[in-house]
Amino acid sequence: MARIIDGTEISRVMRAEMAQQVAALLAVGVTPGLSVVLVGNNPASQAYVASKTRACETLGMRGQTLNLPEDVSKDELFAVIDRLNADPAVHGILVQLPLPAHLPYKAVLEHIHPDKDVDGFHPQNAGLAFVGDPRAFVPCTPAGIMEMIRREGISTRGKHVVIVGRSLIVSKPLASLLMAPGPDATVTLTHRHTPDLASFTRQADILIVAVGKQNLITADMVKPGVVVIDVGQNRIPDESSPRGYRMVGDVDFTGVSEKAEAITPVPGGVGPMTITMLLANTIQAARQLHESRGAQR
Ligand code: NAP
């Protein structure tokens, strides 16, 4: 039976460490501040945003939500981002996705100043991360997965990591982090057009699945002893839950746990790590801004 990789517990330990980093910044007069821009009233987005700002506040950081109407224009949204870009009390800016269809999300993300882009989606940060520059803000989910792997003592050197999915926010940055000197993994990325997916997943020493399809990975698709990181978040109806639904991943947890050495659960695996890394990136942004001001004096 697989060992459970407990993202909630790893996050708890990391957040205790980060509270000390926040205290050090508060001592020099800097309160790390995150501003989240939410467009519209999507209940799932509202819940995500609330958990992000709440997490900030529990660490003594400033978490602010700016809720804009569903029909906000591109120019109005850009004006809000301009104001946040110029505000010295705001260290991190995040625009919650998905945006309504009339807003060009790539242009919106590129409008955030790269020094405050704590989601790491600006092309400048993607480029810095790709070349391994420590100033880069690495997108929170891949950064959280790397922390999980490191803190669990899972060796990646020379291991074959198979990633299912090739998205810009999870899989591509993760591939580049894993293949870099240090982690030294051999990485295979797969996607919708990969023929015979199982022939790849069965080769994995570490299998990372970021697709959004319940039960995409079943026990016959993995080799014994594999480490499985399930990024998927799928809502399925559940009348026994007060919310009427529950979350499951992309991996058949029960079947795959019988063969795997270790596995992340959903919920309680990658999800908490993502928010924790958002806090880490906001602290990094506050520190970098404070240091650059010191250097200018
Ligand atoms: P995405 O942008 O929709 O990408 C999904 C990827 O899966 C695409 O590359 C797609 O291939 C690939 N794919 C689809 N069907 C496939 C199949 N049958 N076989 C192989 N590959 C297939 O999604 P994402 O943003 O990366 O998110 C993926 C999942 O992770 C979602 O469930 C999301 O909710 C979850 N997520 C969780 C967290 C967290 O904190 N836990 C954070 C981010 C995302 P193509 O490129 O060929 O279309």
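Read the numbers this way: they start at 1 and go in the same order the structure lists the ligands and their atoms. Note that these values count all heavy atoms, side chains included, but never hydrogens, waters or copies made by symmetry.
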On a heavy-atom basis, which atom in [X] and which in [Y] lie closest, and how many Å separate them?
X	Y	value
Gln46	Asn67	NE2-OD1, 4.4 Å
Asp115	Phe137	O-CE1, 3.4 Å
Gly225	Glu261	O-CB, 3.4 Å
Val228	Ala260	CG2-CB, 4.2 Å
Leu189	Lys172	CD1-CG, 4.4 Å

Please write down residue, atom name and distance for the protein heavy atom closest to [atom].
atom	answer
atom 33 (C) of ligand 1	Gln233 N, 4.3 Å
atom 31 (C) of ligand 1	Gly212 CA, 3.8 Å
atom 30 (O) of ligand 1	Val231 O, 3.4 Å
atom 4 (O) of ligand 1	Ser167 CB, 3.8 Å
atom 3 (O) of ligand 1	Val211 O, 4.4 Å
atom 12 (C) of ligand 1	Gly165 CA, 4.0 Å
atom 10 (C) of ligand 1	Arg192 NH2, 4.0 Å
atom 8 (C) of ligand 1	Arg166 N, 4.1 Å

**Item:** Other residues, nucleotides, ligands: >12 heavy atoms within 6.0 Å of Arg135 CZ
**Value:**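 No, CZ of Arg135 has 12 or fewer neighbouring heavy atoms, counting only those of other groups under 6.0 Å.
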**Request:** Below 4.0 angstrom from a heavy atom of Thr274, which ligand 1 atoms are there? Numbered from 1 as shown, please.
**Result:**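 Reading through ligand 1 atom by atom, the close ones are 39 (C), 40 (O).
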**Gly271: numbered ligand 1 atoms lying under 4.0 Å from its heavy atoms** =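 It comes down to these atoms of ligand 1: 40 (O), 41 (N).
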What part of [X], side chain from CB on, backbone N/CA/C/O, both or neither, has a heavy atom under 4.0 Å from ligand 1?
X	result
Ile169	side chain
Val170	side chain
Val164	side chain
Lys213	side chain
Thr141	side chain

**Message:** Among Gly269, Ala210, Gly144, which one puts a heavy atom closest to atom 6 (C) of ligand 1?
**Reply:**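 The residue whose heavy atom sits nearest atom 6 (C) of ligand 1 is Ala210.
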**Request:** Just go through Ile229, Leu197, Ile217 and tell me whose heavy atom is the nearest to atom 19 (N) of ligand 1.
**Result:**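 Ranked by closest heavy atom to atom 19 (N) of ligand 1, first place is Leu197.
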**Item:** Residue pair Pro267 / Pro272, side-chain heavy-atom distance below 4.5 Å
**Value:**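 Result no, sub-4.5 Å side-chain heavy-atom pair not found.
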**Asked** Looking at side-chain heavy atoms only, is the closest gap between Pro183 and Leu177 below 4.5 Å?
**Response**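 Result no, sub-4.5 Å side-chain heavy-atom pair not found.
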**Message:** Rounded at 0.5 Å granularity, tell me how far CD1 in Ile4 sits from CD in Glu152.
**Reply:**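 So the CD1 of Ile4 and the CD of Glu152 are separated by 10.5 Å.
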**Exercise check, heavy-atom protein proximity under 4.0 Å to atom 24 (P) of ligand 1** =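 Given the 4.0 Å limit, the answer for atom 24 (P) of ligand 1 is yes, a protein heavy atom qualifies.
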**Prompt:** Which residues satisfy the side-chain contact (heavy atoms from CB on, under 4.5 Å) test with Ala286, sequence neighbours excluded?
**Reply:**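 Only Leu25, Val30, Pro32, His91 meet the side-chain contact (heavy atoms from CB on, under 4.5 Å) criterion with Ala286.
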**Asp220 versus Thr218, side-chain donor and acceptor atoms under 3.5 Å** =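 Judged by distance alone, the side chains do pair up.
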**Prompt:** Is it true that Ser171 lies under 4.0 Å from ligand 1, counting heavy atoms only?
**Reply:**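 No, Ser171 has no heavy atoms under 4.0 Å from ligand 1.
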**Message:** Restricting to ring-ring contact (aromatic ring centres under 6.0 Å, His included), what partner residues turn up for Tyr245, sequence neighbours left out?
**Reply:**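 For Tyr245, no residue satisfies ring-ring contact (aromatic ring centres under 6.0 Å, His included) once neighbours in sequence are set aside.
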